[in-house]
There are 2 protein chains.
Amino acid sequence: MGVKSIVTNIKDVAKYLGISVSTVSRALNHYPDVSPITKNQVMDAVEHLNYRPNAVAKGLIQKKTFTVGLMIPDISDPICSLLAASVEKSFSDQGYQVVYGSTHRDPAKEKQFILNAISRQFDGLILTPDVLDEELVSLLSDLRMPVVFLQRRTPEGLNAPFVDVDHYHAASAAVRNLITRGHQRIGFIAMPASSFTGSERKRGYLDTMSAYGLMPEMMGMVEGGRTIEQGRTAMAELYQRCPGLTAVFAANDLLAVGALEWLHQQHMNVPGQISVIGFDNLEHAALHWTQLTTMEQPTEEMGRKCALAMLRMMRDPKQLPVSELIEAKLIERGSVLNLNAIPVYTMN
Amino acid sequence: MGVKSIVTNIKDVAKYLGISVSTVSRALNHYPDVSPITKNQVMDAVEHLNYRPNAVAKGLIQKKTFTVGLMIPDISDPICSLLAASVEKSFSDQGYQVVYGSTHRDPAKEKQFILNAISRQFDGLILTPDVLDEELVSLLSDLRMPVVFLQRRTPEGLNAPFVDVDHYHAASAAVRNLITRGHQRIGFIAMPASSFTGSERKRGYLDTMSAYGLMPEMMGMVEGGRTIEQGRTAMAELYQRCPGLTAVFAANDLLAVGALEWLHQQHMNVPGQISVIGFDNLEHAALHWTQLTTMEQPTEEMGRKCALAMLRMMRDPKQLPVSELIEAKLIERGSVLNLNAIPVYTMN
DNA sequence: CTGAAAGCGCTTACAG
DNA sequence: CTGAAAGCGCTTACAG
């Protein structure tokens with residue numbers, strides 16, 4: 001395949017053409033003050049020698065690596081990977097590489113990732129920390145690198161925008177959906193107390209229940225977790241404690257699916273005997289057997305807006321973009337019964 | 001927070017202590033020939049000045065970036081993200097950063113990613129290309145960078161190890177599972193013809209059927225795709241063409257789930273009237289409603305072995321590690337009926 | 001329009 | 001045990 005050596009650098013190209021390294025550099029970077037003839041020669045030589053510019057050297061001198069870090073709890077979580085895919089898409093269109101780091105909600109790994117990002121001179125950092133201890137906050141506050149929080153809110157003392165779903169409002173909408181359809185005894189399966197997202201949804205549930213004057217005895221709460229398995233056991237516990245519930249709001253879809261599984265195993269008809277509403281709109285929710293009514297997190301939009309905010313900050317570090325609080329969207333399927341209507345489901 | 005300036009480099013540390021840059025560097029890198037006193041002073045100064053070594057500069061001079069690229073079709077595909085999580089885990093333990101690129105099976109993006117990896121001086125490349133055209137093969141053959149193929153086989157003309165599941169053998173095992181249980185009329189829902197994985201599984205189906213003397217009229221094949229939706233329509237088509245089938249082998253779990261959905265909508269009992277076996281062992285397969293018998297891809301093991309092979313090649317570029325062909329594992333659940341046993345299911 | 005030179009922030013022989 | 005110097009592969013004022 002011609003004269004290509006194992007590895008070529010800009011010096012080789014210059015030597016090959018008998019011109020200076022600076023001219024080659026300017027031609028390569030499309031500077032306007034290079035003669036068209038020279039530019040063509042350079043392009044041909046690059047082709048011929050199979051030269052590929054060294055981005056590391058370029059990054060060192062320009063102090064720009066075209067890399068942004070994306071810290072996520074777990075890449076194999078469906079919401080995370082959807083978010084990641086959207087962020088990546090927006091950035092790769094602009095020539096940026098995005099580097100993920102799965103932290104598994106471990107503060108030590110979160111710190112490791114941020115330190116790494118500093119060392120490696122990333123141009124920006126997108127963070128989804130679960131708990132941000134004081135040490136990390138102070139680390140971030142000294143950072144001269146744009147930061148945006150994704151699916152989180154900006155911690156106290158930091159000055160960075162966030163992009164998140166309005167979990168509180170969405171949870172409230174979910175509960176109102178049930179109440180509007182005549183439900184009063186509504187249970188809640190919570191995510192871990194440490195989860196910000198989870199506590200917002202819980203707040204939405206509680207506030208909405210009391211706003212409608214539904215007394216504590218109408219409620220029933222149990223801490224589930226995040227997984228299908230946890231949803232199953234949570235539903236069992238919830239039902240045992242509050243057998244009179246007509247509806248359950250599960251703080252995420254996986255919990256809701258677990259709840260549905262348990263109910264089905266107990267031969268309880270959904271929504272005939274009990275209604276279920278979830279949160280996330282995972283693929284699971286659309287399955288024929290679940291037909292789960294749920295609040296959709298618009299992951300594509302979130303990733304895109306997050307990337308946009310970051311791109312804007314990288315262009316102009318002076319002014320912060322405003323944070324985005326995105327509305328979740330109600331996706332109605334078959335898991336909620338309208339108690340006010342003539343029942344169309346046969347109880348058995 | 002003390003005397004930390006916006007950004008510190010090794011020169012600042014040296015100046016602060018009144019010693020040379022080279023001594024600081026040696027202390028930082030734990031060279032043995034640095035006096036303990038000096039080393040302590042350096043460590044304290046680093047702490048005090050909040051110095052973080054610039055990995056870009058280090059990478060430039062050492063020609064090692066501690067970065068490996070992982071090219072995958074789509075990070076939001078469950079198998080891909082599981083594989084990615086496992087690869088990432090193995091590498092991050094060793095101080096490597098892994099950079100994903102979702103190519104969406106687009107050769108242009110695949111090329112883009114490889115070019116990018118060259119520019120950015122990655123230390124290694126893990127590839128899962130769907131189609132590798134001649135141009136890409138020649139690009140890779142000139143590469144002085146370790147490459148391992150994951151969930152693929154090494155293309156003709158390239159000299160790199162691969163780590164993959166033995167799809168052919170596993171598909172054969174799936175079909176034998178059905179045959180052993182008395183099934184003879186076995187249908188197949190295929191993945192796209194362009195998929196290597198898919199054609200291996202198809203080959204396994206076909207060869208096993210004929211090995212058992214099950215004539216073409218016992219078979220029924222239809223090209224599904226990859227998704228639940230495609231599984232649904234494929235099952236409809238398959239049933240229409242071959243109503244006498246007693247079992248169906250779906251080339252992946254998503255197709256199998258779609259098939260199950262369609263069968264259930266048609267009020268056909270699984271496994272009472274028709275058995276279904278899948279491939280992948282996704283979370284979907286364990287759902288209460290599906291209880292899908294399937295072949296598990298050991299993603300954790302694959303990712304780990306792939307990382308190990310890469311690490312070995314980076315250590316000693318001379319000798320190639322041998323490729324790994326990993327056995328899939330049969331996961332028996334409730335979607336396959338044993339026709340030889342006394343039927344425990346009531347037909348309705 | 002082009003070239004020589006300095007420099008990005010490190011590491012690494014080489015001398016002492 | 002320590003320091004001065006060269007150099008990794010680029011870019012970018014500066015001069016001409």
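Small disclaimer: the values here were computed from a predicted structure and weren't measured. In the text below, chain A, chain B and the rest are named by the order of the sequence lines, each starting its count at 1.
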**Q.** Nearest-nucleotide pick for B:Ser22, side chain only, options being D:dG9, D:dA4, D:dT12
**A.** D:dA4
Q. For A:Ser20 and A:Ser22, does a side-chain donor sit closer than 3.5 Å to a side-chain acceptor?
A. yes
**Q.** Stretch residues 28-37 of chain B: residues that reach within less than 4.0 Å of DNA chain D through a heavy atom
**A.** B:Asp33, B:Val34, B:Ser35, B:Pro36
(Q) In this structure, how many angstroms lie between the P atom of D:dC10 and the CD atom of A:Gln62, rounded? (A) 12 Å
Q. Rounded to the nearest Å, what distance is computed from the CD1 atom of residue A:Ile10 to the P atom of nucleotide D:dC10?
A. 6 Å
Q: Kindly point out which of D:dA4, C:dT2, D:dT2 is positioned nearest to the side chain of A:Thr38?
A: C:dT2
Q: To the nearest Å, give me how far apart NZ (A:Lys63) and P (D:dC10) are.
A: 18 Å
Q.
Base, sugar-phosphate or nothing for A:Lys11? Non-hydrogen atoms, less than 4.0 Å.
A. nothing
Q | Pairing partner (Watson-Crick or G-U wobble, both distances under 3.5 angstrom) of D:dA13 | A | none
Q) Whom does D:dA4 pair with, Watson-Crick or G-U wobble, provided both distances fall under 3.5 Å? A) none
Q: Would you indicate, yes or no, if D:dA4 has its OP1 or OP2 atom less than 4.0 angstrom from a side-chain nitrogen or oxygen of B:Ser20?
A: no
Q: Calculate the interatomic distance between B:Asp12 atom CG and C:dG9 atom P; express it in whole Å.
A: 9 Å
(Q) Within the structure provided, determine whether B:Phe122 and B:Asn116 are in side-chain contact (heavy-atom separation under 4.5 Å). (A) no
Q) Rounding to a whole Å, what distance do you find between A:Asn40:CG and C:dC1:P? A) 13 Å
**Q.** Separation between OG of A:Ser81 and CD1 of A:Ile72, rounded to the nearest 0.5 Å
**A.** 8.0 Å
Q) Any side-chain heavy atom of B:Lys58 sitting closer than 4.5 Å to one from B:Pro53? A) no
Q.
Expressed as a whole number of angstroms, how long is the span from A:Tyr51:OH to D:dC10:P?
A. 3 Å
Q. Starting at CG of B:Asn9 and ending at P of C:dG7, how long is that distance when rounded to a whole Å?
A. 13 Å
Q) How long is the line joining CZ of A:Arg120 and C1' of C:dC8, in whole Å? A) 18 Å
Q | Distance-only polar pair, side chains of A:Ser194 and A:Arg105, donor-acceptor under 3.5 Å | A | no
Q.
Below 30° counts as parallel, above 60° as perpendicular, anything between as tilted: where do the rings of B:Tyr16 and B:His48 land?
A. tilted
Q.
Working to the nearest 0.5 angstrom, can you tell me the gap between A:Leu139 CG and A:Glu110 CD?
A. 11.5 Å
Q: Taking the six-membered ring of B:Phe113 (Phe, Tyr or Trp), confirm whether the NZ or CZ of B:Lys109 is under 6.0 Å from its centre and within 45° of its axis.
A: no
Q) Looking only at side-chain N and O atoms, does B:Thr23 come under 4.0 Å of OP1 or OP2 in D:dG3? A) yes
(Q) What's the closest nucleotide to the side chain of A:Leu60 if the choices are C:dA4, C:dC8, C:dT12? (A) C:dC8
Q. Any idea which of D:dC1, D:dG3, C:dC10 is nearest the B:Ile61 side chain?
A. C:dC10
Q: Select base, sugar-phosphate, or nothing to describe what B:Val21 touches, counting heavy atoms under 4.0 Å on all strands.
A: base
